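Here the structure is a predicted model, which means the values were calculated and not measured.
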Amino acid sequence: MDKLNRIFNPKTLAIIGAKPEEKSVGWGLMKNALQGKSKRRVFAVNPHHKEVLGVKCVPSVMSIQEEVDLAVIAVPAKIVPKVVEECCQKKVGGMIIISSGFGESGKEGKLLEDKIKETARKAGVPLIGPNCLGVIRPGNLLNATFAPALPKSGEIAFISQSGALVDSVIDENFKKNYGFSALISYGNEADVTLADFLWWAVEDPKTKVIALYLEGIKEGREIMNVFSEVSAKKPILAVKAGRSRAGKKAVSSHTGSLAGEYPVYQALFKQTGVAEADTVRELFSSAKALAWQPKCENGIAIVTNGGSCGVLLADYCQELGVKLVELSEETLKKLNKPGVMHPAYSGRNPLDVVGDALSDKYKSAIEALLEQPDIKGLIVVQTLQIMTETEKNAKIIIEAKKKWKDKPIIAAFLGGPITAPGAKILEDNHIPNYGDLKEAALAIKSLIKK
């Protein structure tokens, strides 16, 4: 959306409430704003300090001589209305209000929130928040938050009512290979809403997948139409918080939202094509698969060198509605040729190539299965024995993917440090790898066309 472009691509950024005290919110915002090699101009606004992190302070946003694309506001709630008025007079491109103490805190806070909303809308200046972490655009080196670091750039847009959750996701992300096109904490939605961010994400060329953390929805019927239209163009995954009675009470004091009855949300997601995840881990496991692999029809095969893993994975697939395809006579003919498979191999799907399988057995099995027309996708499981060739197996999977571009391949290389080099090769080449079999099953389910 055009109205958010200056927020996500600012040439000038003002931190209102910048502070020199290390570890304060104002200090964290300035530190993040100044990181990276961006040519963006950063201004520190605070009438009570001379400079912050080497940047000379100005007393107000009105003192800045050039245009301001984005103003990030972190001052006490009672001062925010005045600051918002000044930003609107200055005609900034957009505002992010980090400060809390608004609708989530009770009646007086709600009056303050209504006041800033009215001011911003009258001036036509988009306002994100209040009570939020802010926005991050890794590809543009924009970190307009007090989050701990700038995460990797990638194809997932994470839109969250919770700021603290975004912080934890960023920290966890440094152990992962997937990245983000944007991370957005929108808090109380006084002005810019979830619907606005969804429209922005669907038009953003860097975003392939949209991941949501929701507590409550304010737009009702409008969001139903937005979900339907956006999910038809890009996949949306959501985790809904406030599913229990205790959770609903917690939501109202967190972002001032009404959690609503969980079955209503389940029906909403189902009707509008939004895939629901039970956990944050599942949310990003599935998002990674959707960012890296094509969707497919329901018809999956499993290759494994551990029979027990095949059994467990078959159970998970059945529970999730993932269809395991029977091996055709043609496929079995290829596999039954002398020397191709171990004499004790399973001869069915899941295809157990037996524990001592070297990479040549994996290669034969993977190619035979992918050549079968009604097998639309593949899960490759590797357990670790002394003879297992984890890096060679990874390279075989990558070569198979180049040949069968339209068939998704998910890997489950199970293990730790010895397995890690093979897992890294896979993920560096956008083959999603999971250290847990149910995660792998959930990931392949997310790729099956509805």
Of all heavy-atom pairs between [X] and [Y], which one has the smallest distance, and what is that distance?
X      : Y      : value
Ala190 : Lys117 : O-CD, 3.0 Å
Ser38  : Leu141 : N-CD1, 3.8 Å
Arg40  : Pro10  : NE-O, 2.8 Å
Pro350 : Gly310 : CG-O, 3.3 Å
Pro408 : Gln293 : CA-OE1, 3.2 Å
Leu198 : Ile236 : CD2-CD1, 4.4 Å

What distance separates [X] [atom1] from [Y] [atom2], expressed to the nearest 0.5 Å?
X      : Y      : atom1 : atom2 : answer
Asn349 : Ile302 : CG    : CD1   : 5.5 Å
Leu13  : Met30  : CG    : CE    : 8.5 Å
Leu447 : Ile409 : CG    : CD1   : 11.5 Å
Leu127 : Cys87  : CG    : SG    : 9.0 Å
Ile223 : Ile217 : CD1   : CD1   : 6.0 Å
Leu212 : Phe227 : CG    : CZ    : 5.5 Å

Are [X] and [Y] ion-paired here, with the side-chain N under 4.0 Å from a carboxylate O?
X      : Y      : value
Glu371 : Lys334 : yes
Glu276 : Lys240 : no
Lys233 : Glu229 : no
Lys110 : Glu104 : no
Asp204 : Arg137 : yes

For [X] and [Y], test the side chains for any donor-to-acceptor distance below 3.5 angstrom and give the result as yes or no.
X      : Y      : result
Ser228 : Thr272 : no
Asn140 : Asn9   : yes
Asp196 : Thr193 : yes
Glu439 : Ser285 : yes
Asn393 : Ser359 : no
Thr390 : Gln382 : yes

Could you check whether atom [atom1] of [X] has more than 12 heavy atoms from other residues, nucleotides or ligands sitting under 6.0 Å from it?
X      : atom1 : value
Arg121 : CZ    : yes
Leu358 : CG    : yes
Lys401 : NZ    : yes
Lys392 : NZ    : no
Lys152 : NZ    : yes
Glu118 : CD    : no
Lys450 : NZ    : yes
Lys295 : NZ    : yes

Discussion item. Is there a side chain to side chain contact (heavy atoms under 4.5 Å, CB included) between Ile98 and Val72? Walk through the geometry before answering.
Written reply: CA-CA 7 Å; Ile98 306 294; Val72 182; 3.7 Å; yes
May I ask you to decide if [Y]'s main-chain N or O and [X]'s side chain share a donor-acceptor pair within less than 3.5 Å?
X      : Y      : value
Lys11  : Arg41  : no
Thr304 : Gly307 : no
Gln372 : Thr331 : no
Thr207 : Val209 : no
Gln161 : Glu215 : yes
Ser286 : Leu283 : no
Asn131 : Gly101 : no

For residues [X] and [Y], determine if any side-chain heavy atom of one lies less than 4.5 Å from a side-chain heavy atom of the other.
X      : Y      : answer
Pro421 : Glu391 : yes
Met341 : Lys361 : yes
Ile210 : Ile159 : yes
Asp167 : Leu133 : yes
Ile156 : Lys208 : no
Ile136 : Leu142 : no
Thr12  : Leu70  : no
Ile128 : Ile7   : yes

Worksheet entry | Phe158/Phe284 aromatic ring centres below 6.0 Å |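 Ring centroids of Phe158 and Phe284 are less than 6.0 Å from each other.
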Worksheet item: Does the separation of the ring centres of Trp292 and Tyr178 fall below 6.0 angstrom?
Response: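 Ring-ring flag for Trp292/Tyr178: false, centres at least 6.0 Å apart.
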Worksheet item: After noting the C-alpha distance and the side-chain angles of Val92 and Asp69, does the key distance pass the side chain to side chain contact (heavy atoms under 4.5 Å, CB included) rule?
Response: CA-CA 5 Å; Val92 302; Asp69 290 320; over 6 Å; no
Discussion item. Less than 6.0 angstrom from the centroid, inside 45 degrees of the normal: does Lys424 satisfy that with respect to the ring of Phe413?
Written reply: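 Pair Lys424/Phe413 does not count as cation-pi.
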Output side-chain donor-acceptor pairs under 3.5 Å for residues 317-324, partner residues at least two apart or in another chain, one line each.
none

Practice prompt. Give the intermediate values and the outcome of side chain to side chain contact (heavy atoms under 4.5 Å, CB included) for residues Val84 and Ile97.
Written response: CA-CA 9 Å; Val84 168; Ile97 299 179; 3.8 Å; yes
Item to complete: Show your working on side chain to side chain contact (heavy atoms under 4.5 Å, CB included) between Leu332 and Glu330 and close with a plain yes or no.
Response: CA-CA 6 Å; Leu332 289 171; Glu330 182 65 27; over 6 Å; no
Worksheet entry | Test side-chain hydrogen bond (donor to acceptor under 3.5 Å, both in side chains) applied to Lys402 - qualifying residues, sequence neighbours left out |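 side-chain hydrogen bond (donor to acceptor under 3.5 Å, both in side chains) list for Lys402, sorted by chain: Glu399.
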Discussion item. Set out, in order, the CA-CA distance, both residues' side-chain angles and the distance that settles salt bridge (Lys or Arg N to Asp or Glu O under 4.0 Å) for Glu427 and Lys288, then state yes or no.
Written reply: CA-CA 10 Å; Glu427 297 231 323; Lys288 177 173 70 172; 2.6 Å; yes
Discussion item. Filter on ring-ring contact (aromatic ring centres under 6.0 Å, His included), then keep only pairs touching residues 309-359, sequence neighbours left out; what's left?
Written reply: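 Passing the test, one end in residues 309-359: no pairs.
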